[in-house]
Amino acid sequence: MSEFIPTLEFLTLNKLTPSFYKRDTLIVAKDLLNKFFVRKLNDSFCILKIVEVEAYVGNCDQAAHSFIGQTQRNNVMFQTGGQLYVYFTYGMHYCLNVVTSTEGIGDAVLIRAMQPLNCFDILSLNRFNTKEPTHQQIKNLANGPAKICQALNISKNENGIDLQSDFIFLSNNKLLLPEEIIQTKRIGIKKSVDLPWRFYIKNNPYISKK
DNA sequence: ATCAAGATTACCT
DNA sequence: GGTAATCTTGATA
């Protein structure tokens, strides 16, 4: 099964608009699977397919950064959908979220894993300091939330960026069938651990963890 | 001013 | 499977 690699024209024509993000967060989370993430680096458009996400919901989810209310750090989560929320954690890692919902109550979807479709040399240089990744390294380019940010050179500078940008945006792709989506509990949290708000593409080899 | 926790990763046994 | 690395943030005094 070979991957469809869209052209820049296709990606631009099918760019996701604010109406996509300004919906119920759990629906958006599920719909984000299989979408294209586009990031311009060194005059190249890096294209990756989203294969794993987690939803975080401000007013009822103790694991969400926004549960404590609006602060300097989580400020962007309270915007009304279609922005990038980037946070720093463990003293060394950045993670990337998509802000959702119309409510401005602090909802976002964490992108946990992506499947790179092109620009392997650029991503690999950022991750492993080599332009020629091994097969094992290719699988490890973006199969974790902090790996994504390292591979795509995303940090505090990108926090709050609007996803209507021409340099970072998401693009549509076909919806998955329900049987192609696995829903489970989220990973790496200590609060609200039983909420089943992690979604990933069944049998995709670029998932962060089974 | 001080402190504990953290939406992780890489490397070790 | 276990854990060190590393530092910002938000809470408390």
Side-chain angles (χ1 to χ4, degrees), chain A residues 21 24-30 32-33 35 37 48 50-79 81 83-101 105-116 123-130 133-161 163 170 182-201 205-210:
Chain A
Y21 304 101
D24 177 85
T25 300
L26 292 178
I27 303 290
V28 177
K30 194 149 49 87
L32 278 169
L33 292 177
K35 297 295 188 280
F37 189 100
L48 304 90
I50 297 173
V51 300
E52 178 185 348
V53 300
E54 284 177 358
Y56 289 86
V57 174
N59 58 6
C60 62
D61 173 8
Q62 294 188 63
H65 290 166
S66 50
F67 185 76
I68 56 174
Q70 195 162 0
T71 66
Q72 189 168 19
R73 179 201 202 197
N74 65 26
N75 185 41
V76 174
M77 285 186 84
F78 289 84
Q79 297 190 24
Q83 298 80 23
L84 219 53
Y85 166 53
V86 182
Y87 67 87
F88 183 66
T89 191
Y90 289 105
M92 61 190 92
H93 299 303
Y94 290 97
C95 297
L96 172 163
N97 297 249
V98 172
V99 179
T100 60
S101 91
I105 52 174
D107 287 17
V109 176
L110 173 71
I111 311 296
R112 283 199 56 92
M114 298 205 277
Q115 173 176 353
L123 305 184
S124 179
L125 199 59
N126 289 336
R127 286 272 296 132
F128 307 117
N129 200 30
T130 171
T134 64
H135 289 298
Q136 188 59 244
Q137 285 175 319
I138 286 177
K139 278 188 64 179
N140 280 300
L141 287 173
N143 62 341
K147 298 177 187 179
I148 288 170
C149 286
Q150 188 183 15
L152 293 176
N153 194 24
I154 285 173
S155 66
K156 217 54 185 173
N157 295 330
E158 283 70 33
N159 187 36
I161 281 184
L163 288 170
L170 272 64
I182 306 288
Q183 179 170 5
T184 65
K185 294 174 184 178
R186 296 172 296 181
I187 293 179
I189 53 174
K190 297 210 175 81
K191 306 170 198 163
S192 298
V193 292
D194 289 328
L195 294 172
W197 289 352
R198 173 176 179 240
F199 303 91
Y200 64 90
I201 300 179
Y206 294 84
I207 298 304
S208 68
K209 187 168 169 248
K210 279 295 274 188

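Numbered from 1 within each chain, the chains take letters A, B, ... in sequence-line order.
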Requested in this report: Please determine, for C/dG1, whether a Watson-Crick or G-U wobble partner exists with both distances under 3.5 Å, and give it or none.
Outcome: B/dC12

Query - A/Ile207 CD1 - B/dT8 C1' separation (whole Å) - result: 17 Å

Query raised in the report: Is the shortest side-chain N/O distance from A/Thr71 to OP1 or OP2 of C/dG10 below 4.0 Å?
Result: yes

Query raised in the report: Should A/Arg112 be listed as having a side-chain N or O under 4.0 Å from OP1 or OP2 of B/dT8?
Result: yes

Query raised in the report: Between A/Tyr94 and A/Phe88, what is the ring plane arrangement, given parallel below 30°, perpendicular above 60°, and tilted in between?
Result: tilted

Query raised in the report: Looking across every strand, which nucleic acid part, if any, lies under 4.0 Å from A/Ala146 by heavy atom: base, sugar-phosphate, or nothing?
Result: sugar-phosphate

Query - Any strand: nucleotide that pairs with B/dA7 via Watson-Crick or wobble, under 3.5 Å - result: none

Query raised in the report: Sub-3.5 Å donor-acceptor pair from the side chain of A/Thr130 to the main-chain atoms of A/Pro133, do we have one?
Result: no

Requested in this report: Send over the distance from A/Arg127 CZ to B/dA10 C1', rounded to a whole Å.
Outcome: 9 Å

Query raised in the report: Does a nitrogen or oxygen in the side chain of A/Lys147 sit under 4.0 Å from OP1 or OP2 of B/dT8?
Result: no

Query raised in the report: If we ignore angles and hydrogens, is there a donor and acceptor under 3.5 Å between the side chains of A/Lys147 and A/Asn143?
Result: yes

Requested in this report: Find the distance A/Asn143:CG to B/dT9:P and express it as a whole number of Å.
Outcome: 8 Å

Query raised in the report: Once you round it to whole Å, what is the distance between P of B/dT9 and OH of A/Tyr90?
Result: 10 Å

Query raised in the report: NA contact type, A/Ile189, heavy-atom cut-off 4.0 Å: base, sugar-phosphate, or nothing?
Result: sugar-phosphate

**Report entry** Comparing A/Lys190 and A/Gln150 on DNA chain B - which has the more 5′ nearest nucleotide
**Finding:** A/Lys190

Query raised in the report: Is any side-chain N or O of A/His93 closer than 4.0 Å to OP1 or OP2 of B/dT9?
Result: no

Query raised in the report: Stacking between A/Tyr87 and the base of B/dA7 (centre distance under 5.5 Å, interplanar angle under 30°)?
Result: no

Query raised in the report: Can you tell if the side chain of A/Leu152 reaches within under 4.5 Å of the side chain of A/Asn126, non-hydrogen atoms only?
Result: no

Requested in this report: Send over the distance from A/Met77 CE to C/dT9 P, rounded to a whole Å.
Outcome: 16 Å

Requested in this report: Could you tell me whether A/Arg186 contacts a base, only the sugar-phosphate backbone, or nothing, with contacts defined as non-hydrogen atoms closer than 4.0 Å?
Outcome: nothing

Report task. Please state how far atom NZ in A/Lys191 lies from atom C1' in C/dG10, giving the value in whole angstrom units. Result -> 11 Å

Report summary line: Heavy atoms of A/Ser66 and A/Gly58 approach each other most closely as OG-CA, 3.2 Å

Query - For atom CG of A/Asn74 and atom P of C/dA11, their distance in whole Å - result: 10 Å

Requested in this report: Take the protein atom CZ of A/Phe88 and the nucleotide atom P of B/dA7, then report the distance between them rounded to whole Å.
Outcome: 13 Å

